[in-house]
Amino acid sequence: MEQKIVFSGVQPSGELTIGNYIGAIKNWIELQDKYTCYYSIVDLHAITVPQVPKDLRKNTLDLLAIYLACGLDPEKSTIFIQSHVPAHLELTWVLNSISYMGQLSRMTQFKEKSQRSEENLNAALFTYPVLMAADILLYQTDLVPVGEDQKQHVELARDLAERFNNRYSETFKVPEPLIKKEGARIMSLQNPEKKMSKSDDNQNGYILILDDPDTIRRKVKRAVTDSKGEVKYNDEQLGIRNLMNIYSVFSGNTIEEIENKYDGLGYGDFKEDVAEVIIKELYPIQEKYNELINNKDYLEKVYSEGREKAEYVAMKTLRKVYRKVGFIQR
Ligand code: AQP
């Protein structure tokens with residue numbers, strides 16, 4: 001039986017948070033041994049909001065080093081930079097031609113991000129989910145491991161795959177999102193009703209993968225909680241619930257175990273331990289990252305080899321698509 005195919009990516013739009021780590025990258029590692037995996041650094045997506053060019057370059061290499069430091073293995077997975085494989089853009093154009101404006105305008109991310117920068121609304125932000133569909137469909141992907149926030153975009157990719165297949169005959173595999181229940185949506189430490197996001201203006205809202213131990217302790221200590229004083233998992237204590245989710249993912253304890261462990265103890269003790277489990281998991285990643293980021297030759301080797309492998313597969317799908325829509329072979 002053929003191995004299932006996995007595709008996912010993260011934008012190099014800033015430094016990575018533990019939200020990106022828990023919702024996405026941490027889950028990618030274990031998939032490498034079971035499936036054929038493609039993991040991309042999606043720089044084309046990043047420019048849907050304004051970026052400083054030199055920062056984008058730095059963030060792209062940083063993200064590659066973080067992928068590797070977290071345990072992505074170029075021997076097992078194809079790791080590449082999205083803009084190095086132009087087929088992503090070529091397929092986007094074709095998919096744009098079967099995308100409906102109404103459906104795109106209902107995408108939550110578009111609605112949220114367009115509200116944040118109304119004077120600078122660009123067309124790319126609107127068609128972002130079509131590019132994401134192209135990313136996924138080019139590799140004949142079965143599974144897309146993402147956080148809860150990206151579920152709607154994977155559903156659009158499914159719709160577009162089905163629409164294309166119906167119109168032009170079977171071409172794309174219809175992908176499914178793979179969303180882990182635990183940690184599917186990590187919330188801001190300052191506003192537990194909003195997701196933790198690397199582009200948040202309030203730095204205390206997120207913890208970065210590369211934050212040092214003291215910063216992590218300070219941010220967790222300042223995390224918004226409530227006046228109940230009980231470590232209990234419920235809808236009224238959103239701040240505590242979020243910290244419990246984070247603690248659970250990093251410690252391997254279930255929510256019930258955490259409730260029992262902190263029964264009768266105050267938030268102070270709990271928060272100290274939350275900070276320590278985060279620090280413990282991130283420390284080896286940070287050490288590895290520091291080694292890798294100074295080895296530019298190795299990083300270049302990884303993304304060049306990744307590009308070659310990705311492009312080969314992507315072009316196979318693109319040629320098929322071009323033939324089906326009626327373009328004359330180049
Ligand atoms: N708070 C979160 N909880 C769980 N998963 C999350 N992800 C992001 N935030 C959380 C998952 O991380 C992956 C990569 O996301 P992305 O960089 O492509 O874009 P994003 O979802 O828009 O992430 P950010 O941090 O909010 O970036 P900005 O601020 O640039 O928009 C995805 O799988 C996502 O689900």
Side-chain angles (χ1 to χ4, degrees), residues 6-29 31 37-52 55-56 59-60 62-64 66-67 70 72 81-82 88 107-117 124-125 128-129 131-133 135-136 141 143-157 175-203 205-211 223 238-239 241-246 248-250 278:
V6 168
F7 178 94
S8 199
V10 172
Q11 304 178 67
S13 48
E15 295 183 74
L16 251 62
T17 71
I18 57 167
N20 302 126
Y21 176 69
I22 296 172
I25 302 175
K26 191 173 161 65
N27 304 324
W28 300 354
I29 313 298
L31 299 173
C37 300
Y38 295 86
Y39 295 126
S40 184
I41 294 160
V42 290
D43 53 350
L44 297 170
H45 283 282
I47 62 164
T48 55
V49 294
Q51 302 288 334
V52 177
D55 292 349
L56 182 58
N59 288 335
T60 302
D62 271 0
L63 185 49
L64 175 59
I66 287 180
Y67 276 7
C70 288
L72 290 194
I81 298 172
Q82 185 190 28
H88 288 248
M107 295 289 130
T108 314
Q109 178 178 279
F110 171 71
K111 286 200 275 189
E112 281 175 7
K113 288 196 176 171
S114 58
Q115 267 163 14
R116 266 193 254 157
S117 57
L125 188 63
Y128 175 116
L131 173 60
M132 182 164 155
D135 300 338
I136 297 167
T141 302
L143 299 168
V144 189
V146 283
E148 181 78 36
D149 61 315
Q150 292 293 339
K151 190 172 170 205
Q152 197 185 26
H153 290 163
V154 181
E155 269 157 18
L156 181 89
E176 302 219 13
L178 184 68
I179 299 173
K180 276 232 166 150
K181 213 170 114 247
E182 314 83 39
R185 200 175 177 81
I186 300 299
M187 309 310 278
S188 156
L189 300 182
Q190 290 299 309
N191 177 0
E193 295 193 36
K194 214 178 80 181
K195 80 161 187 150
M196 185 181 283
S197 209
K198 53 177 128 62
S199 57
D200 193 338
D201 295 332
N202 186 348
Q203 295 190 359
Y206 53 72
I207 291 174
L208 299 174
I209 295 186
L210 298 180
D211 270 345
L238 293 181
R241 189 171 82 175
N242 189 37
L243 292 177
M244 289 174 83
N245 279 332
I246 295 172
S248 169
V249 171
F250 284 125
I278 300 173

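Counting starts at 1 for both ligands and their atoms, following the listed order. Only a predicted model underlies this, so the values are computations on that prediction, with no experimental measurement involved.
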M132/V154 under side chain to side chain contact (heavy atoms under 4.5 Å, CB included): CA gap, chis, key distance, verdict: CA-CA 8 Å; M132 182 164 155; V154 181; 4.1 Å; yes
If hydrogens are left out, which of G14, A184, A46, S199 has an atom nearest to atom 4 (C) of ligand 1, that is, the closest non-hydrogen atom? A184
Quick test of your reading of the structure: of V42, I41, N20, V10, whose heavy atom lies closest to atom 12 (O) of ligand 1? N20
Please state which protein non-hydrogen atom is closest to [atom] and give its distance, to 0.1 Å?
atom                    : value
atom 6 (C) of ligand 1  : G19 O, 3.4 Å
atom 13 (C) of ligand 1 : A24 CB, 3.7 Å
atom 34 (C) of ligand 1 : D149 OD1, 3.3 Å
atom 9 (N) of ligand 1  : K195 NZ, 3.3 Å
atom 30 (O) of ligand 1 : S13 OG, 2.8 Å
atom 32 (C) of ligand 1 : Q150 CG, 3.8 Å
atom 19 (O) of ligand 1 : Q11 NE2, 3.1 Å

[Y] side chain reached by [X] side chain, heavy atoms, under 4.5 Å:
X    : Y    : answer
Y128 : H153 : yes
Y21  : L16  : no
N245 : V249 : no
L243 : L189 : yes

Where ligand 1 meets [X] - atom numbers and elements under 4.0 angstrom, heavy-atom basis:
X    : value
G147 : 5 (N), 33 (O), 34 (C), 35 (O)
Q109 : 22 (O)
M196 : 1 (N), 2 (C), 9 (N)

One residue to check: [X]. Relative to ligand 1, which of side chain, backbone, both or neither has a non-hydrogen atom less than 4.0 Å away?
X    : answer
R185 : backbone
K113 : side chain
M187 : neither
S197 : both

With nothing but distance in play, are any N or O atoms of [X] less than 3.5 Å from an N or O of ligand 1?
X    : value
E148 : no
K198 : yes
P145 : no
I186 : yes

Hey, are D135 and Q82 close enough side-chain-wise for a donor-acceptor pair under 3.5 Å? yes
Would you please classify the geometry between the W28 ring and the Y39 ring as parallel, tilted or perpendicular, with 30° and 60° separating the classes? parallel
Would you compute the distance between atom NZ of K151 and atom CZ of R185 and round it to the nearest 0.5 angstrom? 11.5 Å
